[in-house]
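Below you'll find the structure, written out as structure tokens, and then a few comments.
Quick note on labels: first sequence line is chain A, next is B, and so on, each numbered from 1. The model shown is predicted, which means the values in this text are computed figures rather than measured ones.
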Amino acid sequence: MAMADQPAAKSFRLSMLLYDTRYRSITIQIIMLGLFVAGVWWLLDNMYSNLDELGKRPNFTFLTAPAGYDINQRLIEYSSQSTNARAWLVGLLNTLLVAVMGCILATVLGVSIGVLRLSKNWIIARLMTAYIEIFRNVPLLLLIIFAMSIFINIFPQPKLFRGEDALSSMYFWDSVAFTNRGWYIPKPVFESGSMIVGIVFLLSIAGIFVFGRWAKKRQEATGEILPNFWIKLGILVIPAVVFYYIMGQPISLNYPELKGFNFKGGLHLRNSLIALWLALSLYTAAFIAEAVRAGIMAIDKGQTEAAAALGLRPKRIMKLVVLPQALRVIIPPLISQYLNLTKNSSLAVAVGYMDLTGTLGGITLNQTGRALESILLLMITYLAISLSISMVMNFYNNSVKLKER
Amino acid sequence: MKKSVLLGTIAAMGVMAGVASAGTLDDVKANGVLKCGVSTGLVGFAAPDANGNWEGFDVDICRAVAAAVLGDGDAVQFVPLSSKVRFTALSSGEIDMLARNTTWTFSRDVDLGFTFTGVNYYDGQGFMVRKDLGVASATELDGATICITTGTTTELNLADYFRTNGMSYEPVPIENNAEAMQQYLSGACDVYTTDASALAATRASFETPDDHMLLPEIVSKEPLGPLVREGDEPWGDIVRWTLNALITAEELGVTKANLEEMAAGTDNPEINRMLGTEGNLGEMLGLDADWAQRVIAVGGNYGEIFEANIGESTAIGLSRGLNALWTQGGLIYTPPFR
């Protein structure tokens, strides 16, 4: 009898896939997946054969052909004889440049505004509210075009800087020129020996971390707090300056000068870059400020009061108690704001900034007529950038989030 | 539920894409309107007037084709397109034909899959500068900042020209003519370069045209003409022979004014064949016998359209030059109506 009660362990019938609740959901999912794959395949096949009929078989050989056009802002070597793939790379770097610049400025602005919005000073808090509401509710494209129009129409033309009684003049001891073609600032020129100064500078940065650890241990042991900020600044600046003079001043500045049609020399920040950078930063800062405010407000008031009861001053309460906990709330929305900023940078096309959309998705697409291929590559590139940002930021998020054991 | 709706939509889109389109001629007749891609606003070639009616040299080509096919020169839906989206609009079937200062090039004809149906304006790339810039020739433009419409042949010509002459320049890419004017007039660029005809048209719309000048160099060949999708020959033939009818009409002295008189029958058999009083050329095109009469009735012959829109009597003031008839030393020439 006992033998008969044993379940028939290995006997598996096909009908169990449908009637046995253990397998049914898996069966359904597999069938759905199969249908989905078949559907996608059918759509792709349909697209492919339609394109074939139009004589537009997908073809990526255009990437190795000479691009034929010039790009004004290039971070790497590029001429009109370079390939379309190279132009793609130039555009990618320009996108990354404005994205990184934008993320930095947006974070600085956003954190300051978010904290200030919670200020007890009525005027400052209201001003920050007004800022957030204005910038959050105006379309980004308008902000970019508005910024560009200001740069084109308000700033003077280079030729107004010419002559004895010029109508415009350069700022900061003739080192910076604001024109309607962009800003010209001095450019550092690195000569032989500058390498050593650079290495010393990097060592100083490492030194700061070592000092920070040592100071923390010392504080834990003795309870004394050193003037950390000034010491760190000293470590950062003094060795580099000393070596700069020891090596015979190997780093010099190349100042912009008005020559011919334009300013020559120096670093040219084109107004398309600045307009895009400012508009993206101001816009995204409004969202980041709200995330920061939410994060700070999520920290129970009791925490602040308890810290105050321990005798901490308001600045330290913010730095040591509130912000570290608030970061857990702030980081996830901050990630999506960084992603938004990067993707929004594709609006660059409105002001002729030569980013990915301007090179691969603009001129290359146009001149070769390879729309499908270019857009496909464009999407893959943006996807890769976004996923990379997510990965880095999630890594950071994991390091600050509440550790549950 | 949501998923199934989404899948259904995608599937429906796929099916729609799979339906092969009938001939463009049938589509146009079925719609009762010709969808014609034009410039987003270039005075003289294609721009809406104060009442919102499109007018211009390219616009009149669209109207002529509409008159031939639909019998009404106003049965045109003008689709303003930037230079960037024009080819996509044509190949996707959003428009039936494109008459938008488009240069006939090898790669556009062969690789992009379009058929150019002739040349309605022989142009070349020029440079416009302010007179007070003190430049008399394009060879003095080393280091200049140059506004350039992106997605055009001029962009490539410019790169070639400056490279050949060993000069450097700073390109400022812009989307359309209006934006170019804003940048150029505020001095954000020293030079504006595009087709010389478009420069003349743009200059004419300035408040003080006399402060600006075109440099003497013409650095490229830009044969501009209407184009259609490749693979629909009957439709391409209609557009091609509409343009040819306009040109032949000028050559044979058929004008808007004497059209009725000519249509009544003349001693010249070619006029008779074209206007349909002799032979069956219209039927071969898939149209009726009077098609060419309607084409000429819209805006007159090629010369009349030229004079009315961009000729010397207009603000744009272009002389015929290369665009004179071959009998008058120009390049405008058509195969015979036979």
Side-chain angles (χ1 to χ4, degrees), chain A residues 32 35-36 39-40 42-47 49-50 53-56 59 62 67-73 79-81 148-149 151-160 179-182 259-262 264 268 270-272 349-354 358 362-363 365-371, chain B residues 3 7 10-11 13-15 17-18 20 83-88 91-92 107-108 111-114 130 132-133 135 140-148 150-153 155-160 162-163 168-175 179 182-183 185-191 229-231:
Chain A
M32 281 306 291
L35 286 176
F36 182 72
V40 168
W42 180 69
L43 288 173
L44 284 178
D45 181 63
N46 202 344
M47 182 188 79
S49 53
N50 272 309
E53 215 166 90
L54 285 171
K56 293 200 167 213
N59 180 351
F62 70 95
Y69 59 91
D70 286 301
I71 298 175
N72 48 14
Q73 177 182 306
S79 77
S80 60
Q81 292 306 292
M148 188 65 172
S149 302
F151 284 122
I152 291 175
N153 293 313
I154 307 287
F155 284 103
Q157 303 177 28
K159 71 174 181 188
L160 296 180
T179 75
N180 68 350
R181 291 173 191 179
K259 268 187 201 159
F261 296 106
N262 290 318
K264 292 274 167 66
H268 182 194
R270 286 169 184 80
N271 49 16
S272 53
V349 74
V351 288
Y353 179 73
M354 285 288 107
I363 305 179
L365 184 155
N366 240 307
Q367 300 294 5
T368 60
R370 296 279 164 202
Chain B
K3 199 181 265 177
L7 284 174
I10 296 174
M13 273 158 43
V15 172
S83 49
K84 244 173 110 169
V85 302
R86 55 185 164 177
F87 297 123
T88 318
S91 55
S92 69
S107 60
R108 285 172 181 177
D111 191 37
L112 294 192
F114 298 124
R130 286 167 182 278
D132 61 13
L133 193 65
V135 169
E140 298 167 26
L141 288 178
D142 192 12
T145 303
I146 301 180
C147 273
I148 175 148
T150 183
T152 60
T153 47
E155 196 167 38
L156 307 180
N157 296 331
L158 185 72
D160 286 353
F162 274 74
R163 197 168 60 91
S168 65
Y169 69 105
E170 160 91 14
V172 178
I174 38 157
E175 277 292 286
E179 208 181 306
Q182 191 198 5
Q183 296 241 15
L185 287 176
S186 66
C189 34
D190 301 305
V191 186
R229 280 182 295 280
E230 201 166 76

Among the options [options], pick out the one with the most heavy-atom pairs lying under 4.5 Å from chain A.
options: B:C189, B:A159, B:G143, B:G187; value: B:G187
options: B:E230, B:R108, B:R163, B:E175; value: B:R163
options: B:L158, B:V172, B:L141; value: B:L141
options: B:D160, B:T153, B:T152; value: B:T152

Of the backbone (N, CA, C, O) and the side chain (C-beta and beyond), which part of [X] lies under 4.5 Å from a heavy atom of chain A, both, or neither?
X: B:D132; value: side chain
X: B:I174; value: neither
X: B:V85; value: neither
X: B:Y169; value: side chain

Inset, instruction - Could you give me the CA-CA distance, side-chain angles and deciding distance for A:F261 and B:V135, then say whether side chain to side chain contact (heavy atoms under 4.5 Å, CB included) is met? - result: CA-CA 11 Å; A:F261 296 106; B:V135 169; 3.8 Å; yes
Could you give the distance from [atom1] ([X]) to [atom2] ([Y]), rounded to the nearest 0.5 Å?
X: B:Q183; Y: A:N180; atom1: CD; atom2: CG; result: 8.5 Å
X: B:Q182; Y: A:M148; atom1: CD; atom2: CE; result: 8.5 Å
X: A:Q367; Y: B:T150; atom1: CD; atom2: OG1; result: 7.5 Å
X: A:Y69; Y: B:I148; atom1: OH; atom2: CD1; result: 12.5 Å
X: A:I152; Y: B:L185; atom1: CD1; atom2: CG; result: 11.0 Å

Legend entry - Ion pair B:E170/A:R181, N-O distance below 4.0 Å: no
Under 4.5 Å heavy-atom distance to chain B, tell me which part of [X] shows up: side chain, backbone, both or neither.
X: A:Q73; value: neither
X: A:S272; value: neither
X: A:I71; value: backbone
X: A:M354; value: side chain

Legend entry - Residue pair B:P173 / A:G352: nearest heavy atoms and the distance that separates them: CG-O, 3.3 Å
Legend entry - Distance-minimising heavy-atom pair for A:N153 and B:S186: OD1-CB, 3.6 Å
